[in-house]
Amino acid sequence: MLYLNQLDIENCNIAWSECIKTIDEAINYIREDDFSQPIKPYLDFNNPQNRIIAMPARVGNDRDGIAGIKWIASFPDNLNKGIPRANSLTVLNDTDTGQVLSIINTSVISSIRTASVTGSVMKDYFGKEESTGLTGLIIGYGPIGQRHLSMISEMFSERFDRIYIYDKYRVDEEKIPENIKSKVRIVSNYEDGFELSDVVITCTTSSKGYIKTAPKKGSFHLNVSLRDYDTSMQKYFDVIIVDLWDEVCRANTDIELMSQYNGLSKENVIEIPDVKFIDYKNKTTFFNPMGMASFDIKIGELFYKHAKKNSIGKRMI
């Protein structure tokens with residue numbers, strides 16, 4: 001069994017293009033129904049902000065697939081204590097024998113998965129036309145926001161002329177990639193960039209929708225943190241995408257609230273296996289990724305195989 005910690009994952013230094021390719025592979029398995037992914041349970045606490053989530057999945061067949069579980073805790077008040085909001089452990093199992101292949105002890109793998117899913121959808125979105133001269137906005141610049149800008153700087157930098165960053169805390173400029181720093185503007189209010197932005201990515205710990213401003217027509221909204229858009233925003237979106245409806249329409253997400261108050265239903269949205277069939281032209285689009293265990297397990301497998309090949313991590317009996 002191979003044990004990997006945060007430093008081991010960082011030392012793998014796998015390109016975003018490889019991570020996004022891995023997400024594309026997982027989507028293909030889901031599209032072909034060659035996966036198993038029970039709805040993840042939430043462990044609740046007296047403080048409603050806090051939760052621990054169990055995320056089991058099998059991706060691929062019993063001969064050469066991968067299985068496992070991610071156990072992730074999210075405690076937003078940790079940020080005020082100077083410790084990470086998220087803490088997680090991922091266990092990978094062989095699908096033929098059930099043996100444990102690897103234990104990955106870091107939430108970094110979660111942020112890599114999250115930004116990789118965004119990258120996969122953005123790749124498909126941009127693949128429809130050669131859009132350039134774009135304006136972007138990242139709301140929230142903690143670990144998830146930082147991973148998203150890193151991914152954009154490697155995969156889509158040439159498409160953007162400007163990227164606004166807003167965070168209610170101080171933005172650490174040292175965590176802005178050098179190759180895209182000249183295009184980045186730090187703003188004191190997210191509203192300063194929202195109406196101008198072609199691409200908006202929310203990476204916050206918000207528990208309630210606060211965005212109520214009409215978006216730019218034809219803009220792309222990646223609601224990564226899931227609880228940032230007021231239910232009134234639904235009327236602006238021509239296309240609403242979710243990873244899987246049964247996963248995301250729960251836990252007080254914007255999608256669940258839009259379902260409760262606006263009548264949004266599964267028939268009104270497009271699930272991620274069908275994203276490649278969307279015509280995005282001139283359509284304002286709203287993507288809501290709950291974060292699926294299948295993606296975490298496949299990303300975990302990618303790093304496990306790379307670490308094993310390059311003698312990274314610690315062998316354990």
Side-chain angles (χ1 to χ4, degrees), residues 20 22-24 26-27 29-31 35-44 48-59 68-74 76 85-86 88 90 107 109-122 124 139-140 143-145 147-148 200-209 220-229 231 233-234 237 239-260 264-275 285-300:
I20 291 171
T22 297
I23 296 297
D24 291 341
I27 291 173
Y29 281 114
I30 294 169
R31 185 180 295 118
F35 80 117
S36 176
Q37 182 179 274
I39 297 293
K40 54 192 177 187
Y42 281 63
L43 189 64
D44 297 324
Q49 286 192 103
N50 299 335
R51 58 186 181 272
I52 302 180
I53 310 169
M55 301 174 62
R58 170 192 52 85
V59 187
I69 187 169
K70 184 176 78 170
W71 178 251
I72 181 164
S74 176
R85 172 190 64 83
S88 77
T90 301
S107 60
I109 203 79
S110 295
S111 61
I112 293 171
R113 177 269 294 165
T114 303
S116 299
V117 172
T118 299
S120 175
V121 176
M122 286 180 70
D124 188 79
I139 304 175
I144 300 294
R147 294 284 175 186
H148 274 80
V200 177
I201 307 175
T202 63
C203 302
T204 74
T205 58
S206 177
S207 60
K208 183 178 180 181
F220 193 27
H221 296 255
L222 297 132
N223 189 24
V224 173
S225 39
L226 288 170
R227 299 170 182 87
D228 295 79
Y229 286 76
T231 55
M233 294 293 288
Q234 182 181 334
F237 299 122
V239 177
I240 298 178
I241 305 169
V242 300
D243 38 22
L244 287 180
W245 174 263
D246 291 337
E247 287 280 4
V248 77
C249 190
R250 59 200 292 256
N252 205 40
T253 63
D254 295 338
I255 290 297
E256 182 182 38
L257 296 179
M258 288 177 182
S259 175
Q260 290 176 354
L264 183 69
S265 68
K266 184 175 181 178
E267 290 69 36
N268 304 133
V269 305
I270 296 171
E271 294 185 313
I272 201 168
D274 297 321
V275 162
T285 303
F286 189 44
F287 176 52
N288 296 263
M290 188 63 158
M292 297 203 300
S294 294
F295 296 154
D296 285 286
I297 298 309
K298 282 297 288 182
I299 288 289

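Computed from a predicted model, the values in this text were never measured in an experiment.
Put simply, the side chain of Ser259 never gets that close to the backbone of Ile255: no donor and acceptor are under 3.5 Å apart. Distance alone, capped at 3.5 Å, places no donor-acceptor pair between the Thr22 side chain and the Ile299 backbone. The backbone N or O of Val121 lies less than 3.5 Å from no partner atom in the side chain of Asp124, so there is not a single donor-acceptor pair. Listed for the Ser225 side chain is a donor-acceptor partner under 3.5 Å among the backbone atoms of Thr202. The backbone N or O of Ile272 lies less than 3.5 Å from no partner atom in the side chain of Asp243, so there is not a single donor-acceptor pair. Within the 3.5 Å criterion, the main-chain N or O of Lys298 finds no donor-acceptor partner in the side chain of Arg113. Side-chain atoms of Ser107 do not come within 3.5 Å of backbone N or O of Ser110 as any donor-acceptor pair. Here the side chain of Ser36 pairs no donor or acceptor atom with the backbone of Arg58 at under 3.5 angstrom. Without hydrogens or angle criteria, Gln37 side chain to Pro56 main chain gives no donor-acceptor distance under 3.5 Å. No donor-acceptor distance shorter than 3.5 angstrom exists from the side chain of Ser294 to the backbone of Ala57, with no hydrogens or angles considered.
Among the candidates Ile144, Thr114, Thr118, the single residue satisfying the side chain to side chain contact (heavy atoms under 4.5 Å, CB included) test with Cys203 is Ile144. Each of Asp228, Ile240, Val200 was compared with Asn223 under the side chain to side chain contact (heavy atoms under 4.5 Å, CB included) criterion, and only Asp228 meets it.
In this structure the side chain of Val239 never reaches within 4.5 angstrom of the side chain of Phe286, judged on heavy atoms. Within the 4.5 Å cutoff, no side-chain heavy atoms of Leu43 are placed close to those of Arg51. Within the 4.5 Å cutoff, the side chain of Ile241 has no heavy atoms near those of the Val269 side chain. Residues Phe295 and Ile30 form a side-chain contact, since some pair of their non-hydrogen atoms from C-beta on lies under 4.5 Å apart. Leu226 places a side-chain heavy atom less than 4.5 Å from the side chain of Met290. Looking at heavy atoms from C-beta onward, Ser120 lies in side-chain contact with Ile27 at the 4.5 angstrom threshold.
Taking the charged nitrogens against the carboxylate oxygens, Lys70 and Asp296 do have a contact shorter than 4.0 Å, which makes a salt bridge.
In terms of heavy atoms, Arg147 sits closest to Ser111 at NE-OG, 3.3 Å. Closest heavy-atom contact between Arg250 and Lys40: NH2-O, 2.8 Å. The two residues Thr205 and Pro76 have their closest heavy-atom pair at CB-CB, 4.3 Å. Annotation for Ile72 and Ala86: closest pair CD1-CB, 4.4 Å, computed over non-hydrogen atoms. Here the closest non-hydrogen pair linking Gly291 and Met55 is O-CE, 3.3 Å. Across all non-hydrogen atoms, the minimal contact from Thr204 to Ile139 is CG2-O, 3.3 Å.
Checked against the 6.0 Å centroid threshold, Phe287 and Phe220 do not count as a close aromatic pair.
Interatomic distance, Arg227 CZ to Ser207 OG, rounded to the nearest 0.5 Å: 8.5 Å. In this structure, Ile69 CD1 and Ile297 CD1 are separated by 8.0 Å, a value rounded to the nearest 0.5 Å. Rounding to the nearest 0.5 angstrom, the gap separating the OG atom in Ser116 from the CE atom in Met122 is 12.5 Å. Atoms CG and CG, on Asn288 and Asp254 in that order, are 6.5 Å from each other to the nearest 0.5 Å.
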Working note: Thr285 + His221, criterion side chain to side chain contact (heavy atoms under 4.5 Å, CB included); need CA distance, chi angles, decisive distance, verdict. CA-CA 6 Å; Thr285 303; His221 296 255; over 6 Å; no
